[in-house]
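Before any comments, here is the structure.
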Amino acid sequence: MQARLELFKTALAPKLVKHLVSAGKVLESTELPATTRELVNIRASQINGCSGCLDMHTKEAAAAGETSTRLNLVAAWREATVFTEAERAALELTEQGCRIADSAGVTDEAWAAAAKHYDDEQLLALVTQIALINAFNRLNVITRQPAGDYTPGQFAAL
């Protein structure tokens, strides 16, 4: 795939990405588990068809010790037995949060399920993680950023 726009050859992209990455770093300091953040990133990226973010987040999750079984089953999380109830609630909220235009938004049931497992601070972090990965997904998909060459930690210095 050929990128429509080589983002990091522009003057604007590094400035924008720096702020998006900074928002992500704020989320890293919350009590929302890192594993949950990566599952959210992976599932949102699957839904949105973002190969760049899938490349990045599956490799980061694996480098952090996530199992290949769980990584391979994220797309089929409803049928898989390897996810906790809290992770399932986060994945449901992610799916509904990514597909806002296809429905009436996030259901009360999905919110209540997430609220059983996460306090208000964690819920805000979860919702923000969903919003942030959607922003990255859209940036990459619209500009057709290719995937496959990411190495874990590649953007840590941003």
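- Closest heavy-atom contact between Cys53 and Ile133: SG-CD1, 4.0 Å.
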Are Arg70 and Glu38 close enough, and set up right, to give a side chain to side chain contact (heavy atoms under 4.5 Å, CB included), and what steps lead you there?
CA-CA 11 Å; Arg70 283 170 46 94; Glu38 286 301 345; over 6 Å; no

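- Here Arg43 contributes atom CZ and Thr94 contributes atom OG1; the two are 9.0 Å apart, rounded to the nearest 0.5 Å.
- With Gln122 contributing its side chain and Asp119 its backbone, the two residues share a donor-acceptor pair below 3.5 Å.
- Within a 6.0 Å radius of CZ in Arg144, no more than 12 heavy atoms belonging to other residues, nucleotides or ligands are found.
- For the atom pair Glu31 CD and Glu121 CD, the distance stands at 9.5 Å (nearest 0.5 Å).
- Val127 and Leu91 end up in different hydrophobic clusters when Ile, Leu, Val, Met, Phe, Trp and Tyr side chains are linked at under 4.5 Å.
- Heavy-atom minimum distance, Ser45 versus Asn137: OG-ND2, 3.0 Å.
- Rounding to the nearest 0.5 angstrom, the gap separating the OG atom in Ser22 from the CG atom in Leu27 is 11.0 Å.
- Residues Ala110 and Glu92 share a closest heavy-atom pair of CB-CG, 4.0 Å.
- No chain of hydrophobic side-chain contacts below 4.5 Å, direct or via other Ile, Leu, Val, Met, Phe, Trp or Tyr residues, connects Val141 to Ile130.
- Thr36 places a side-chain heavy atom less than 4.5 Å from the side chain of Tyr118.
- Under the 4.5 Å side-chain contact rule for hydrophobic residues, Ile42 and Val82 share a cluster.
- For the pairing with Gln46, the side chain to side chain contact (heavy atoms under 4.5 Å, CB included) check across Asn41, Val74, Thr58 returns one residue only, Val74.
- Arg37 is not listed as a side-chain neighbour of His57, based on a closest heavy-atom distance of 4.5 Å or more.
- Under the side-chain contact (heavy atoms from CB on, under 4.5 Å) criterion, Ser51 pairs with Met1, Ala147, not counting sequence neighbours.
- Trp77 is listed as a side-chain neighbour of Glu95, based on a closest heavy-atom distance under 4.5 Å.
- Residue Leu139 comes nearest to Thr143 through the heavy atom pair O-OG1, 2.7 Å, listed as atom of the first residue, atom of the second, then distance.
- Considering all non-hydrogen atoms of both residues, Ala62 and Leu71 come closest at CB-CD1, 4.0 Å.
- Pairing each heavy atom of Leu32 with each of Ala125, the nearest pair is CD2-C, 3.9 Å.
- Within the model, atoms CG of Leu5 and CD1 of Ile142 stand 11.0 Å from one another, a figure rounded to the nearest 0.5 Å.
- The closest side-chain heavy-atom distance from Glu60 to Tyr150 is below 4.5 Å.
- Between the OG1 atom in Thr151 and the CG atom in Asp55 there is a gap of 9.5 Å [rounded to 0.5 Å].
- Inter-residue side-chain proximity for Ile47 and Arg99 is flagged as met; some heavy-atom pair is nearer than 4.5 Å.
- Grouping the Ile, Leu, Val, Met, Phe, Trp and Tyr side chains by contacts below 4.5 angstrom, directly or via other members, places Leu12 apart from Leu20.
- Using a distance-only test at 3.5 Å, with no hydrogens or angles considered, a donor-acceptor pair links the side chain of Lys59 to the main chain of Gly148.
- Leu73 and Leu39 fall within the same hydrophobic cluster, where Ile, Leu, Val, Met, Phe, Trp and Tyr residues are linked whenever their side-chain heavy atoms come under 4.5 Å apart, directly or through other members.
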Could you walk me through whether Phe136 and Val21 pass side chain to side chain contact (heavy atoms under 4.5 Å, CB included), step by step?
CA-CA 10 Å; Phe136 275 116; Val21 168; 4.2 Å; yes

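- Expressed to the nearest 0.5 Å, how far CG of Asn134 lies from CD of Gln129 amounts to 10.5 Å.
- Counting only N and O atoms by type, the side chains of Gln96 and Ser103 include no donor and acceptor under 3.5 Å apart.
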